[in-house]
There are 2 protein chains.
Amino acid sequence: MKEKSLHIDGIDKIILKKLIDDARTPILSIAREVGISGAAIHQRLRKLEASGLIAGSKFVLNPKVLGYKTLAFVGIFLDAASKNSAAIKRLKEIPEVIESHYTTGNYAIFIKILCRDNEHLMNVLNVEIQNIKGVARTETFISLDQHIDRQISL
Amino acid sequence: MKEKSLHIDGIDKIILKKLIDDARTPILSIAREVGISGAAIHQRLRKLEASGLIAGSKFVLNPKVLGYKTLAFVGIFLDAASKNSAAIKRLKEIPEVIESHYTTGNYAIFIKILCRDNEHLMNVLNVEIQNIKGVARTETFISLDQHIDRQISL
DNA sequence: GTTGAAACACGGAACCC
DNA sequence: GGGTTCCGTGTTTCAAC
């Protein structure tokens, strides 16, 4: 299969920037801004989707409104690397775990975890995470403040 | 000011789950699924937005299509905590930095960084990050594989 | 790139229970 | 309060040009 070459021009960038900021931005408002028809914007979007660049569109929830105010990163040491896939399977069942990576460096697995408060975090760490077979120990970094949260720049 | 109590019932959950999955899901398709009118869905959405639960909606880009294939976490040690805000200001100017946190634990600042490849990552670390005033040293964890990436569960 | 038409989204008003 | 319908304007989506 031949790959489609992906040429993103200035109009595509404007379209994407608007939609990255707000996925429900009216296509026609973008059309008026760049001076082409709404249908043309739509065709460009379909091309960008077909290229795989647009992975999807999501509503973003504010966890604080639901009482989830503690964000933390946890590095997990495994006592045997072979326990990796079993541990990941268990991590998927813990709803507080919102990211999980297999990483180079000190840790075998590195996760991002969202809890109501420090007590909830402690409970998830001591009861859920530490009891996963193969988990030797963990190191936790609580995010006191997040200053940057963005996507790849165009 | 009295806070609005936030009661999320089953219908709200269905609406949110659909829109978290795809922010451009037609309201009427959700309406048909849950068996109420489109106007009612719309009213519920306005209420959820007013509560602050819905932080926004975003298009999600696939960095790999743009050639960005190396995701890493970097823990930053500062030689004086007072250099914190100046360092963060500089980090915001580095487009490869997509998340930045002020954390408890070993590091002063903890960032997530997205680069084209390992060479690009090395360049950003050695040229951009290490030259920020106050940065003593860094520890890098490259994500070899990401298994979980989701939002808070409802 | 364009137009045009059908389906859909949004917002207000009136109404029911 | 939350739900319904009806309606007008603007938007999305599609095929055809």
Side-chain angles (χ1 to χ4, degrees), chain A residues 1-68 150-152 154, chain B residues 1-62 65-66 151-154:
Chain A
M1 266 184 274
K2 192 150 175 263
E3 272 198 9
K4 279 256 180 145
S5 63
L6 183 58
H7 290 300
I8 302 177
D9 64 12
I11 292 178
D12 289 324
K13 283 191 185 178
I14 295 174
I15 297 169
L16 287 173
K17 278 180 183 167
K18 286 274 177 191
L19 290 172
I20 286 169
D21 193 54
D22 179 1
R24 290 187 89 95
T25 306
I27 302 295
L28 283 184
S29 79
I30 303 172
R32 282 188 290 269
E33 188 166 334
V34 300
I36 61 178
S37 71
I41 304 279
H42 196 247
Q43 286 169 28
R44 282 168 177 269
L45 274 175
R46 291 174 69 78
K47 197 178 61 182
L48 290 169
E49 275 173 24
S51 77
L53 175 58
I54 297 176
S57 65
K58 306 220 176 300
F59 256 52
V60 182
L61 300 189
N62 182 359
K64 289 177 183 167
V65 173
L66 293 174
Y68 282 72
R150 59 190 175 196
Q151 288 199 48
I152 185 173
L154 289 175
Chain B
M1 263 183 276
K2 194 153 176 261
E3 272 198 8
K4 280 257 178 146
S5 64
L6 183 58
H7 291 300
I8 301 177
D9 64 10
I11 292 178
D12 289 324
K13 284 190 185 177
I14 295 174
I15 297 169
L16 288 173
K17 278 180 184 167
K18 285 276 175 189
L19 291 173
I20 286 168
D21 193 54
D22 178 1
R24 290 187 91 94
T25 307
I27 303 296
L28 285 184
S29 79
I30 302 172
R32 282 189 292 268
E33 188 164 335
V34 300
I36 62 178
S37 71
I41 304 279
H42 198 247
Q43 286 172 33
R44 282 169 177 266
L45 273 176
R46 289 168 66 80
K47 198 180 60 181
L48 290 169
E49 274 173 25
S51 78
L53 175 58
I54 296 176
S57 64
K58 304 215 177 303
F59 257 52
V60 182
L61 300 189
N62 181 358
V65 173
L66 293 174
Q151 288 198 50
I152 185 172
S153 62
L154 290 174

Problem - Expected output: side-chain A:Q151 to main-chain A:I20 donor-acceptor under 3.5 Å - result: no
Handout entry: Gap between atoms CD1 and C1', on B:I30 and C:dC10 respectively (whole Å)
Key = 14 Å
Practice task
Send over the distance from B:H7 NE2 to D:dG3 P, rounded to a whole Å.
Solution key: 14 Å
Fill in the blank from the handout: B:S29 and B:P26 have their tightest heavy-atom pair at OG-O, 2.9 Å
Practice task
Round to a whole Å and report the spacing from CD of A:E49 to P of D:dT12.
Solution key: 14 Å
Handout entry: Main-chain N/O of B:A23 paired with A:S57 side-chain donor or acceptor, under 3.5 Å
Key = yes
Exercise for the section: Would you sketch DNA chain C in dot-bracket for me? Only Watson-Crick or G-U wobble pairs with both distances under 3.5 Å count, crossing pairs as [ ], other-strand pairs as |, the rest as dots. Expected result: |||||||||||||||||
Practice task
Using a cut-off of strictly less than 4.0 Å, decide whether B:K47 has a side-chain nitrogen or oxygen near OP1 or OP2 of D:dG2.
Solution key: yes
Practice task
State, with a plain yes or no, whether a side-chain heavy atom of A:I54 is found less than 4.5 Å away from one of B:V65.
Solution key: no
Exercise for the section: Can you tell me which residue pairs pass the side chain to side chain donor-acceptor pair (under 3.5 Å) test with a partner in residues 9-18 of chain B, sequence neighbours excluded? Expected result: B:D9-B:R44, B:D12-B:R44, B:K18-B:E33
Handout entry: Note, B:I41 side chain near B:L28 side chain (heavy atom, < 4.5 Å)
Key = no
Practice task
Using heavy atoms to find the nearest nucleotide of DNA chain C for A:I11 and A:R24 separately, return the residue whose nucleotide is more 5′.
Solution key: A:I11
Exercise for the section: Using only side-chain N and O atoms of A:R46, determine if any of them is under 4.0 Å from OP1 or OP2 of D:dC14. Expected result: yes
Problem - Whole-Å gap separating P (D:dT13) and CZ (A:R44) - result: 17 Å
Handout entry: Under 4.0 Å protein heavy-atom contact, by nucleotide of nucleotides 4-10 of chain D - B base, S sugar-phosphate only
Key = BB-----
Exercise for the section: Report the distance from atom CD1 of B:I27 to atom P of D:dT11, rounded to the nearest whole Å. Expected result: 16 Å
Handout entry: Atom-pair distance (CG on A:L19; P on D:dT12), nearest Å
Key = 9 Å
Practice task
Any chance you could measure B:I11, atom CD1, to B:I30, atom CD1, to the nearest 0.5 Å?
Solution key: 12.0 Å
Problem - 4.5 Å side-chain heavy-atom contact, B:L45 and B:I27 - result: yes
Handout entry: Residue B:H42, side-chain heavy atoms: nucleotide from D:dT12, C:dC8, C:dG11 that is nearest
Key = C:dG11
Problem - A:R150, CZ atom: more than 12 neighbouring heavy atoms under 6.0 Å - result: yes
Practice task
Classify the nucleic acid contact of A:T25 as base, sugar-phosphate or nothing, counting any heavy atom under 4.0 Å across all strands shown.
Solution key: sugar-phosphate
